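Below: the structure, in structure tokens.
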Amino acid sequence: MPSPGPPCQSPRHHAHDPHRTSRRRQGHPGGAPRRPAPHPPHLQRRHAAGRGQGGHGARRRGRRLHEGRQAGARRGRDRDDPRAHRPPRRRRRLHARRLPAHDPAGRGPVGGHDPRRLHPRPRRPHRGPRRADRRARRRPPQRPGHRPDLPPDVRSAAARGRRPPRPPQGRHRGGDPAAPGQVPRRDRAHRPPLRGPGRAPPGRRRRHPRRGHRPPHRRPRELIMASYDHQAIDARWQERWARERTFATPTDRTRPKYYVLDMFPYPSGSGLHVGHPKGYTATDVVARARRMMGYNVLRVMGWDSFGLPAERQAEKENIHPRVVTERNVATFKQQLSRLGLSYDWDRELATSDPRYYRWTQWIFLKLWERGLAYQAEVPVNFCPALGTVLANEEVKDGKYIETGDDVERRLMKQWMLRITAYADRLVDDLDGLDWPAGTLAMQREWIGRSVGANVDFAVVGHDARVQVFTTRPDTLFGGTYVVLAPEHPLVDAVTTAAQRAAVAAYRAEAGRRSERERTSEAADAPKTGVFTGAYAENPVTGQPIPIWVADYVLATYGTGAVFACPAHDERDWAFATRFGLPIVEVVRGGDVTQAAYTGDGVHVNSEFLDGLDNAAAIDKVIGWLVERGRGEKSVRYRLRDWLFSRQRYWGEPFPTIELDDGTVKVLPEDALPVLLPELDAYKPTADGRPPLARAGDWMVTTDPATGRPATRETNTMPQWAGSCWYYLRFLSPDRDDVAWDPDEERYWMNVDLYVGGSEHATLHLLYARFWHKVLHDLGLVHTREPFQRLFHQGMIHKPSFKDARGKYYYDHEVEKVGERWVVKATGERVETRNEKMSKSRYNVVNPDDMCDEYGADALRLYELFMGPLEDGTEWATDGVSGCRRFLDRAWRLAVDDETGGPSGKLADTVVGDQRALERALHAAIKRVSEAVDNLRMNVAIADMMVFVNEATRAATVPRDWYEQFLRILSPFAPHVAEELWERLGHRTSIQAAPWPTWDEAKLARDVITIAVQVQGKLRGTIEVAADAAEAEVLAAARAEPKVVEFLAGKPIKREIYVKGRLVNLVV
RNA sequence: GCGAAAGUGGCGGAAUUGGUAGACGCGCUGGAUUCAGGUUCCAGUGGGUAACUCCGUGGGGGUUCGAGUCCCCCCUUUCGCACCA
């Protein structure tokens, strides 16, 4: 898909972050191998870091040094990196001990003594940076992420960024000069010196994030405690999953299948931001849960890797687009890998790989064979800035939707695909799909099928007829004039001498206005037009009516001519009123002197149509016209054929040649793939031909059939081509003899769940459906539609800061002064808006940073916890830490903070009355199970939190219940879940454990609370047995003291009882 | 302009689809633990009020015993479409 998150796309964005680009370049000299090595991500990382001098960590640190006053302190702390001189392991371990949680009930693993007494130096969680440290570093006032306090938002810097230190707790700090409100808590200068050598350095990982600088040996396992070591655990399980091929696609065919697919990304140079993984995480939860539920799951990832940005970047750096692409893919893959997504990486594919695009070319041959591909001299949208043509769909308001570059009309010979031949099926087959209603509507609208009639109007005094298309032939009796588009071929012929000058002037004027102006200036602009002096004969009344020329009639739609019925069409009404043309009512229902009436109604003034409603009148009049040869039924579409060529290098070459006599023919299948030639430049040639024309040797060829000289096509296919069928290639990506294996296709298709952004609602999804239907007609796929269920994840937003010139700033470059935001350096005012995250808006949050700091599981949870999957929400890094705390609590249920061993909290049996805990467990199982279907992940996570809170409060937790919980947690937080599962003694992956089931009976309560209302207002609650009879409940309600008070002795007129919910007493 | 969706605490969001508004998380307040920061744990947290209570789901009407939920009008935001005959 060209643009997963549109903004990452444009090459101009690269310029904004030279650090990153250069860092990447250093880290991956020569790009990454195409078939990635099977190394787990963390290992790859190490390699990468090892290669670049200094490694990425150093580089990044260097960058941060510029970021403000925190830098000095940070650097200082780096210097006494305690890891440099670690104490012997044993001692470390003692220091690393975590205090046992306070146990109010006096039970638990605390034992007879308090280790604190033995160790004057308190230990702190060994793992995981402490929150304050993180916060301080992560978002010093000048750091990004820190300004959630947008103008309307009151939780401002005062509350967060500039929060005063906690007031002294008692007298210790009574005399502290650092009085509350004066000294930012994060100011390290005021911190007492801390921690001995055993202390784990807080924030360590942040300063030496993933690349390089890893400690020479791994932290011993027993030290992984209360706050679990996410770095070690994430890496360990990712490595293990890769080694054991845990997510390999199953080959047995006895189980039901589930094909869950993410819209594959265009690997832009900007890398991922936290907006990308939202959909991927959701599908990962579905995939992991479905596996546990016994499904064979196909879960794959690939790259939509042809495309303009790589080509432009290649020009800029003077390297091959392939190199740029490989570099970007390596970055994307590395970032994705850290999230622990359960892809079968063996099936990774890239559309720019000749092994892939060979088959894209092959499908083109099929389209050709079916007569669906043709060349035509057509007016195209040419974008001079890009040097290429664009499909209609890629142009909006005269600009390229991706970059905003201007687009103009030109006549050029182009490849076209006859998608219009499938228009009806593309509309009709939408009916069986489980897609968002809005997307279905957009597709229907885009295809724009309208059913109506072609009607012929004879021109008075000429041997010519004007054919019009109309959806309302029933209003022909109200047709009081005819309008031709300015470009209509009959204009010249019919215009009278007297009107010739006026018409010519009008046409010249209309010609000067671009199509864009004419359409986008919209319906509200006053209508313009000019009379031709000619008349046409109304085919039903026989009356002569004037012929006008007006640009509200489009030359490109229908027949370029309409008959006007001002009484029942708003545009005609506006035009007729302006130019004093007659308005004749033919459908009752409105006041046509005031406005057009477009609704249904009884026909009048219409002779043989009188008394009929719209539908019946339409039928009847068409029959009447057909009988007399004056018209016919007709269906028109807004959809046009698909302009399928681009004047670019980095795309699929067409498998076609042109012979010396101008004949165009396709190459045979065995000539595939037609490889892209190597070039030394990727710009168009001096004479304006596409870049491929630079490859003289490649271009000149012979017709394999006849041996005659021929030239190759120098256009390439658009980026949509590769994404039209990738879901099929995933079925057998390693086969070179077929595009996909038919048996695999029969088993796996169609895609059960397809998740991606709504920006593809029309383009990609329409094109892919079109190809799929062609393949279906060829017997190559067995389903009519490719994507049974579609879901759009919402966009993630963050505040952006922009000055009057449109320049964006990072949030650490601005500050809030009073109610306004200004640039720190210059004091210039900036405007702030919540915008979708993108590199170009300087408001991205990098998932790598989140993984470093909170771990992949916390990030995954937060992505889904933020809100409904389909909604856009504002990113709040604090929310990630909340999810991390939830995981920590879940961890502590099983793992003792003190020893790193079993917590002792897990019991073999139920102890006492634990029905509340059991209810929470079953509620969570139910909610999570349902979420796998309805994708309401946020509430599912909330219910798991309830269980953990409940379990934390409990003295003991039945081990079996805890394990059930771990299993439902595992799709969301797989690393932690696997680790805990293993620590509980399981040898096999939690992925192999069956999905737990819930019991509705366990969700019930014996005693329920009933709300009691008087006059509909809540006055009290009563507790009754769940199975209490109505009379009993009502009696209890009437007896409730508060209720008695509000009844005030008045007679009860009515008693309403909603079982299990409430009682309402009406007096 | 047309169409669709949505407006709920300081914030992100719940609410069994007409039945106790504010689940869960963030933030905040207090307490315990701590030399201390942090962590962890406990308690609190829609607004007004000393309290009784009253007011609260964008605004205004309405239906109903009962409305965040249904109906009508208006406002705002987001996304589509933009003279498609």
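Chain naming here is simple, since letters A, B, ... match the order of the sequence lines and numbering starts at 1 in each. Only a predicted model underlies this, so the values are computations on that prediction, with no experimental measurement involved. All values below come from the heavy atoms of this structure, side chains included, with hydrogens, waters and symmetry mates left out.
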Please give the nucleotide sitting opposite rU49(B) as a Watson-Crick or G-U wobble pair, both distances under 3.5 Å, or none. none

Rounded distance in Å between the P positions of rU64(B) and rA4(B): 28 Å

Roughly how many Å apart are rU20(B) and rG61(B), using the P atom of each and rounding to a whole number? 24 Å

Distance, C1' atom - from rG46(B) to rG9(B), rounded to whole angstrom: 4 Å

Roughly how far apart, to the nearest Å, are rG18(B) and rC70(B) at atom P? 8 Å

Given that Glu1045(A) and Ala1011(A) both sit by RNA chain B, which one's nearest nucleotide is further toward the 5' end? Ala1011(A)

Please confirm whether the shortest side-chain N or O distance from Arg444(A) to OP1 or OP2 of rG3(B) is below 4.0 Å. no

Under 4.0 Å between a side-chain N or O of Asn949(A) and OP1 or OP2 of rG25(B)? yes

Nucleotide opposite rG1(B) in a Watson-Crick or G-U pair, distances under 3.5 Å: rC81(B)

Using the P atoms only, state how far rG19(B) lies from rU29(B), rounded to an integer number of Å. 37 Å

Please tell me if the side chains of Leu484(A) and Val553(A) come closer than 4.5 Å, counting only heavy atoms from C-beta onward. no

Validation row, ring centre Tyr862(A) to ring centre Tyr854(A) under 6.0 Å: no

Any sub-3.5 Å donor-acceptor pair from Asn614(A)'s side-chain atoms to Gly599(A)'s backbone N or O? yes

What is the nucleic acid contact for Val946(A), judged by heavy atoms within less than 4.0 Å: base, sugar-phosphate only, or nothing? sugar-phosphate

Starting at the 5' end of RNA chain B, which residue's closest nucleotide do you reach first, Glu570(A) or Thr873(A)? Glu570(A)

Determine whether more than 12 heavy atoms belonging to other residues, nucleotides or ligands lie under 6.0 Å from atom CZ of Arg1005(A). no

For rC26(B), does the base pair up with any side-chain atom of Asp878(A) as donor and acceptor (N or O, under 3.5 Å, distance only)? no

Which whole number of Å gives the distance between the C1' atom of rU17(B) and that of rU69(B)? 7 Å

Who pairs with rC28(B) - Watson-Crick or G-U, where each distance is under 3.5 Å: rG44(B)

Tell which nucleotide pairs with rU39(B), taking only Watson-Crick or G-U wobble pairs whose two distances are both under 3.5 angstrom. none

In whole Å, what separates the P atom of rA51(B) from that of rU45(B)? 14 Å

Any strand, both distances under 3.5 Å, Watson-Crick or G-U wobble: rG9(B) pairs with none

Gap in Å between the two C1' atoms, one belonging to rG22(B) and one to rC41(B), rounded: 25 Å

Please check if the side chain of Lys633(A) supplies one atom and the backbone of Val451(A) the other of a donor-acceptor pair under 3.5 Å. no

Need the pair for rU17(B). Rule: Watson-Crick or G-U wobble, both distances under 3.5 Å, any strand; none if unpaired. none

Around atom CD of Glu570(A), are there more than 12 heavy atoms from other residues, nucleotides or ligands closer than 6.0 Å? no

What about Lys1053(A): does its side chain form a donor-acceptor pair under 3.5 Å with the base of rC65(B)? no

Partner of rG66(B) under the Watson-Crick or G-U wobble criteria, both distances under 3.5 Å, comes out as none

Rounding to a whole Å, what distance do you find between Leu887(A):CG and rU39(B):C1'? 16 Å

